[in-house]
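Structure first, then comments.
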Amino acid sequence: MFTPDDTIVAVATPPGRGSVGVVRISGPRAIALAGVLLDRTEDLTPRHATLGRIVDDGQGATPSGIDQVVATFFPLPGSYTGEDVVELSAHGSPVLLDRIVSLVLVHGGRLAEPGEFTLRAFLNGRLDLLQAEAVADLVDAVTPLQARVAFDQLEGTMTGRIAEADRELLDLIARLEASLDFPDEGYHFIESGEVVRAVGKIVARVRALLSGASTGRLIREGCQVVILGKPNVGKSTLFNYLVGSNRAIVAPEAGTTRDFITEVIDLDGLAVTLIDTAGLRTAEGNVEAEGVSRARQASGVAAAVIVVLDQSQALEAQDRAVLEETTTTPRVVVFNKVDRPLNWLSESLLLGQQGVSVGVSALTGDGAGRLREKLREVLVGADALRDTPMVANTRHIDLLERAAAALEDAQRAAKRVAAEEFVLADLDRARIALEELTGKRTPDDVLRHIFERFCIGK
Ligand SMILES: Nc1nc2c(ncn2[C@@H]2O[C@H](COP(=O)(O)OP(=O)(O)OP(=O)(O)O)[C@@H](O)[C@H]2O)c(=O)[nH]1
Ligand SMILES: [Mg+2]
């Protein structure tokens, strides 16, 4: 994976048909390889769109033109990868694009690994590791909020914050080392009280980054919400309403849904995988019993559950059982079918249970807006999505936690007026964690793991 001497090629646009498909070539021979394919001999002008014809040289047989393309040459070091890059925008036919890639391979190019273009950008210092990871997140985003968090990271917001902390840390380390280097003078370049204060400032910076992390993670990774309830209360109807399509079968018989059905919805920027399940009851057949067991499993890993009750029917033991089963899970209790005459007073049920509840008609959509609000509240709190959090990735959270812990150790050591060596050892650990974060020193296996996530051509 780490062989920057060869020239790599891949289709950069998604698989399938489109009006345009882009083949990307990067490396020392990018221009030469493009020259072999294109029928024009004059040099491509840097950063100018040039119309050309791709000629299949037929490898011995008769050469023939296969497409008209727009070729753009991005010279090093200002290109995406930091190498010479040529992008060929052809017509978006998979066979055609595959043929263009094969021609590049025949003439000495190599097929790019997933993420290899971005890896090269990272190795050539065009992006740091946080920004490279942001590229993958941006491509993967399914909600606009996910895209915004990723783009902030790509623009270097987090990189900047880490750099501030890192600068202060290096400055402190330099002063402590100076004290160590001149022990005989009996002079301390920095007093222990000052060390404690300086470390405190850096810890605060790191902790501030971490403060929005759990919301950030939820935004980046999304979460699962399971709809539970006894049969026939309207779970699938509610699911369809929230998803915005007739995805799940709705029927007046109890026991309609057997397996579980999932769809991703955008809940104010949170990518929520909504799961419709089989009604919870003592099942009548094997298939339904399996459905009930799957419903229970799904609710076990869910970030929250929606418990659906039918307000137009008398509350039954099965309803109470579902409520009891979910008391410890974050949940919203839905009183469904409010369009019908009410059979019991839902408020009295929840009195003293502090449940988040909402009256809804899954049939008409009445109350669905409030349900979405309550669900968001249960998942991230009332105002959590007001500011875009900066930290959203588990790798980042772990390393920032590690840095914060090492800094706090350093602070304690400095308070005990321990020798500079001890404080320095702790500060070094913090620095290593920060450098691993930005990719200044990240183990190869971690890098490999990060870039494997990318698609080919990115
Ligand atoms: N009037 C009214 N009828 C509803 C409402 N929600 C669902 N129904 C009806 O209730 C019946 C059962 O709805 P489903 O959505 O299939 O119920 P379910 O909970 O998924 O049922 P199972 O899959 O069998 O567990 C259907 O006839 C729906 O049309 C509602 O808000 N108002
Ligand atoms: Mg159903």
Query raised in the report: Are any of the side-chain nitrogens in R340 or D366 under 4.0 Å away from the carboxylate oxygens of its partner?
Result: no
**Report entry** Under the side chain to side chain donor-acceptor pair (under 3.5 Å) test, residues paired with N232 that sit two or more places apart
**Finding:** none
**Report entry** For I100 against A90, the heavy-atom pair lying closest together
**Finding:** CD1-CB, 3.9 Å
Under 3.5 Å, which donor-acceptor pairs do the side chains of residues 13-24 form with other protein atoms, sequence neighbours left out?
from, atom 1, to, atom 2, distance (Å)
T13, OG1, V22, N, 3.0
R24, NE, E87, OE2, 3.0
R24, NH1, G457, O, 3.0

Query raised in the report: Is the side chain of N336 donor-acceptor paired with the backbone N or O of A362 at a distance under 3.5 Å, no angle test?
Result: yes
Query - With S361 via side chain to side chain donor-acceptor pair (under 3.5 Å) - residues at least two apart - result: D339, T364
Report summary line: Residues at least two apart in sequence or cross-chain that pass side-chain contact (heavy atoms from CB on, under 4.5 Å) with D152, listed by chain then number, are T157, T388
Query raised in the report: Between R294 and E290, is there a salt bridge with N-O shorter than 4.0 Å?
Result: yes
Check residues 246-256 and write down every donor-acceptor pair under 3.5 Å in which the side-chain atom is one partner and the other belongs to a residue at least two apart or another chain.
from, atom 1, to, atom 2, distance (Å)
R247, NE, E263, OE2, 2.6
T256, OG1, E253, O, 2.8

**Report entry** Carboxylate-amine/guanidinium proximity below 4.0 Å for D67 and R99
**Finding:** no
Query raised in the report: Among all residues two or more places apart in sequence or in another chain, which pass the ring-ring contact (aromatic ring centres under 6.0 Å, His included) test with F74?
Result: none
Query - Electrostatic pair E133:R220 at N-O distance under 4.0 angstrom - result: no
Query raised in the report: Would E113 and R448 pass as an ion pair if we require N to O under 4.0 Å?
Result: no
Query raised in the report: So does R47 have more than 12 non-hydrogen atoms from other groups sitting under 6.0 Å from CZ?
Result: no
**Report entry** Nearest heavy atoms of Q153 and L130, plus distance in Å
**Finding:** NE2-O, 2.8 Å
Query raised in the report: For residues 208-217, which residue pairs qualify under salt bridge (charged side-chain N to carboxylate O under 4.0 Å, His left out), counting only residues two or more places apart or in two chains?
Result: R217-E221
**Report entry** Residues that Q131 engages under side-chain contact (heavy atoms from CB on, under 4.5 Å), provided they are two or more places apart
**Finding:** L127, D128, L154, T159
Query raised in the report: Between D319 (side chain) and E316 (backbone), is there a donor-acceptor pair under 3.5 Å?
Result: yes
Report task. Tell me, please, which residues at least two apart from S299 pass side-chain contact (heavy atoms from CB on, under 4.5 Å). Result -> V226, L228, V305
Query raised in the report: What distance separates R126 CZ from F117 CZ, expressed to the nearest 0.5 Å?
Result: 15.0 Å
Report summary line: For F454, the side-chain contact (heavy atoms from CB on, under 4.5 Å) test, sequence neighbours excluded, returns T118, V135, A136, F451, K458
**Report entry** Test: R372 and E377 ion pair at under 4.0 Å
**Finding:** no
Report task. Go through the steps for I66 and L96 under the test side chain to side chain contact (heavy atoms under 4.5 Å, CB included), then give the verdict. Result -> CA-CA 8 Å; I66 56 169; L96 181 64; 4.1 Å; yes
Report task. Return yes if some donor-acceptor pair links the side-chain N/O of Q146 with the main-chain N/O of D137 below 3.5 Å, else return no. Result -> no
Query raised in the report: Hey, does the side chain of D166 reach the backbone of I162 with a donor-acceptor pair shorter than 3.5 angstrom?
Result: no
Query raised in the report: Tell me, do L97 and V101 make a side-chain contact under 4.5 Å, heavy atoms counted?
Result: no
Report task. For residues 271-280, pull every pair meeting salt bridge (charged side-chain N to carboxylate O under 4.0 Å, His left out), keeping only residues two or more places apart or in separate chains. Result -> none
Report task. Compare all side-chain heavy atoms of V225 with those of I275 and state whether any distance is below 4.5 angstrom. Result -> no
Report task. Could you tell me whether R395 and D398 make a salt bridge, using a distance below 4.0 angstrom between a side-chain N and a carboxylate O? Result -> no
Query raised in the report: For E164, which residues count as a side chain to side chain donor-acceptor pair (under 3.5 Å) partner, sequence neighbours excluded?
Result: R205
Query raised in the report: If only atom types and distance count, is the side chain of K230 paired as donor or acceptor with the main-chain N or O of L309 below 3.5 Å?
Result: no
Query raised in the report: For A406, does its backbone N or O pair with a side-chain atom of D426 as donor and acceptor, under 3.5 Å?
Result: no
